[in-house]
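Report on one structure; see the data block that follows.
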Amino acid sequence: MDLNSSLDSPVINDPVPSNKSRLGMNSNLRAYSQQDSPLSQVKYSLSNSRKSMGGLDDVRSNGWLDAMKASSPPRKKLPKGSNAQVASIDYDIEDYYSWMLQYPSALDSFDKIIELAEDKKIAIFLDYDGTLSPIVDDPDCAFMSESMRKTVRSVAKYFPTAIISGRNRDKVFDLVKLTELYYAGSHGMDIIGPVSENLSKNHPNSVKSTDEQGKEITLFQPASEFLPMIDEVFRTLIETTKDIEGAKVENHKFCVSVHYRNVEESNWITIGQLVHDTLKNYPRLRSTHGRKVLEVRPGIDWNKGKAVEFLLESLGLTDRNDVLPIYIGDDKTDEDAFKVLRENNRGCGILVSSVRKESSAFYSLQDPNEVMKFLQLLVNWKRQHEKNQGKN
Ligand SMILES: O=P(O)(O)OC[C@H]1O[C@H](O[C@H]2O[C@H](CO)[C@@H](O)[C@H](O)[C@H]2O)[C@H](O)[C@@H](O)[C@@H]1O
């Protein structure tokens, strides 16, 4: 959700005229220079930020605070035997089931999904946090289980598979540890995908390279010129939030995450205001909401939906009606990918949620456990399908 503009539109158009980036690539982004650096002007501290806020009214009146409160339901363990790992404290089962009429379970609807996939090539796109790993208090401890890893490995054996995460690409690779996948970090602003000749025509900033295994890959970083700016914002926010107990700032290379999951609720408004005030000095950046996290990112027209399109193109799977892309994600930022797949019924979006949420996805799954079950069904179906084809 874009906090600076419409709540539903996370994309803002960069008002800055066209230019060439530092890498000599075409870009709609003005090259960032240290002269632009507002760091010297940003001398925040918790106390002067409070003073300058005129009573923290910005964040309250522009809807940030409400959005921060709504960004992730409180968690509690469900009784033993329940399928869901986490749920809202106000878990209203009736309300949840009525919501599921609109977003049916992808497990219950598996046969329907497979019908759609008949004679089509499936491509799988997976978010990481809250989809492959459960949401936990410490982002450094968001590990995926061995059984999930094994499942994702089998998925990648049968279908082209990519992880698209808000995290830094290297961090998400360290957590997933599977070389058979493609990875997009920083909400799709840092992609490693397959090599494709057509890509360089449509995306001049894609670069051919080799990975650590010596495999040829395409590297695409549409916001590379923002690196110094993002690093500066990271350092600023580390400094300004240092006195807020529980606040955590992560550098995800092309974006910065400011976590408030472990911060007293009375201090959320201060966190929101500090991010808001920092952004005032960086008009070319924007912010989005995740689950108890505020994210600062380049204000370019690029998101997880565009990353899906880019990867489909690099896989040679674009503009074809014999392809079924499936995207599974739990967060607001995954909505961009759901929207892309919903357009002209191009594919199938599956929202991971155990509470009512408005979404552009078609189906739902409650939690990472159900995600794993769904992926296993898909693998088993494919194995069986191949066996049957071998017999004929
Ligand atoms: O796109 P994703 O892969 O879903 O990444 C989105 C954010 O995920 C992480 O934060 C979230 O998960 C944490 C661990 O469970 C949790 O503590 C936090 O409250 C969640 O917001 C990651 O740390 C963020 O930087 C990502 O942007």
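Start at 1 and go down the list; that is how both ligands and their atoms are numbered.
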At under 4.0 Å between heavy atoms, which part of [X] makes contact with ligand 1: side chain, backbone, both or neither?
X	value
Ser133	neither
Ala142	side chain
Asp334	neither

- What do you reckon, does Gly166 have a nitrogen or oxygen under 3.5 Å from a nitrogen or oxygen of ligand 1?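 Right, the criterion is met.
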- Nitrogen or oxygen atoms of Ser165 and ligand 1 under 3.5 Å apart: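 By distance alone, the answer is yes.
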Give the residue, atom name and distance (to 0.1 Å) of the protein heavy atom nearest [atom].
atom	result
atom 21 (O) of ligand 1	Arg291 O, 2.4 Å
atom 10 (O) of ligand 1	His259 CE1, 3.4 Å
atom 16 (C) of ligand 1	Val136 O, 3.2 Å
atom 5 (O) of ligand 1	Asp129 OD2, 3.4 Å
atom 22 (C) of ligand 1	Glu250 OE1, 3.6 Å
atom 4 (O) of ligand 1	Asp127 OD1, 2.7 Å
atom 19 (O) of ligand 1	Arg261 NE, 2.5 Å
atom 27 (O) of ligand 1	Glu295 OE2, 2.2 Å

- What residue pairs, at least two apart or across chains, pass side-chain hydrogen bond (donor to acceptor under 3.5 Å, both in side chains) with a residue in residues 317-331?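 Checked against side-chain hydrogen bond (donor to acceptor under 3.5 Å, both in side chains) - neighbours excluded - the pairs reaching residues 317-331 are Arg291-Asp330, Arg320-Asp322, Tyr327-Asp334.
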For [X] and [Y], take the angle between the two ring planes, folded into 0 to 90°, and tell me which bin it lands in: parallel under 30, tilted 30 to 60, perpendicular over 60.
X	Y	value
Phe220	Phe310	parallel
Trp99	Tyr103	tilted
Phe159	Trp381	parallel

- Query: For the side-chain hydrogen bond (donor to acceptor under 3.5 Å, both in side chains) test, which of Glu295, Glu250, Lys292 pairs with His259?
  - Reply: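 The passing option is Glu250.
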- Lys248: which of Thr241, Asp140, Asp137 passes side-chain hydrogen bond (donor to acceptor under 3.5 Å, both in side chains):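 Exactly one pass, corresponding to Asp140.
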- Just checking, any donor-acceptor pair under 3.5 angstrom between side chains of Tyr158 and Glu386?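 Judged by distance alone, the side chains do not pair up.
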- Message: Under a plain distance cut-off of 3.5 Å, with no hydrogens placed, do Gln376 and Asn380 share a side-chain donor-acceptor pair?
- Response: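 No pair is found: no donor N or O on one side chain lies under 3.5 Å from an acceptor on the other.
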Distance under 4.0 Å to a non-hydrogen atom of [X]: what atoms of ligand 1 satisfy this?
X	value
His252	24 (C), 25 (O)
Pro134	15 (O)
Val293	21 (O)
Tyr128	3 (O)
Ser257	24 (C), 25 (O), 27 (O)
Asp137	17 (O)

- May I ask you to check whether Phe254 and Trp302 place their ring centres under 6.0 Å from each other?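 No, they do not, as the ring centres are separated by 6.0 Å or more.
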- Are any non-hydrogen side-chain atoms of Ile271 and Met68 less than 4.5 angstrom apart?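 Yes; the side chains approach each other to less than 4.5 Å.
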- Task: Check whether any side-chain heavy atom of Pro160 lies under 4.5 Å from a side-chain heavy atom of Lys121, and answer yes or no.
- Result: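 With C-beta onward as the side chain, the pair touches.
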- Message: Salt bridge or not between Arg346 and Glu309? Use side-chain N to carboxylate O under 4.0 Å.
- Response: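 Glu309 and Arg346: salt-bridged.
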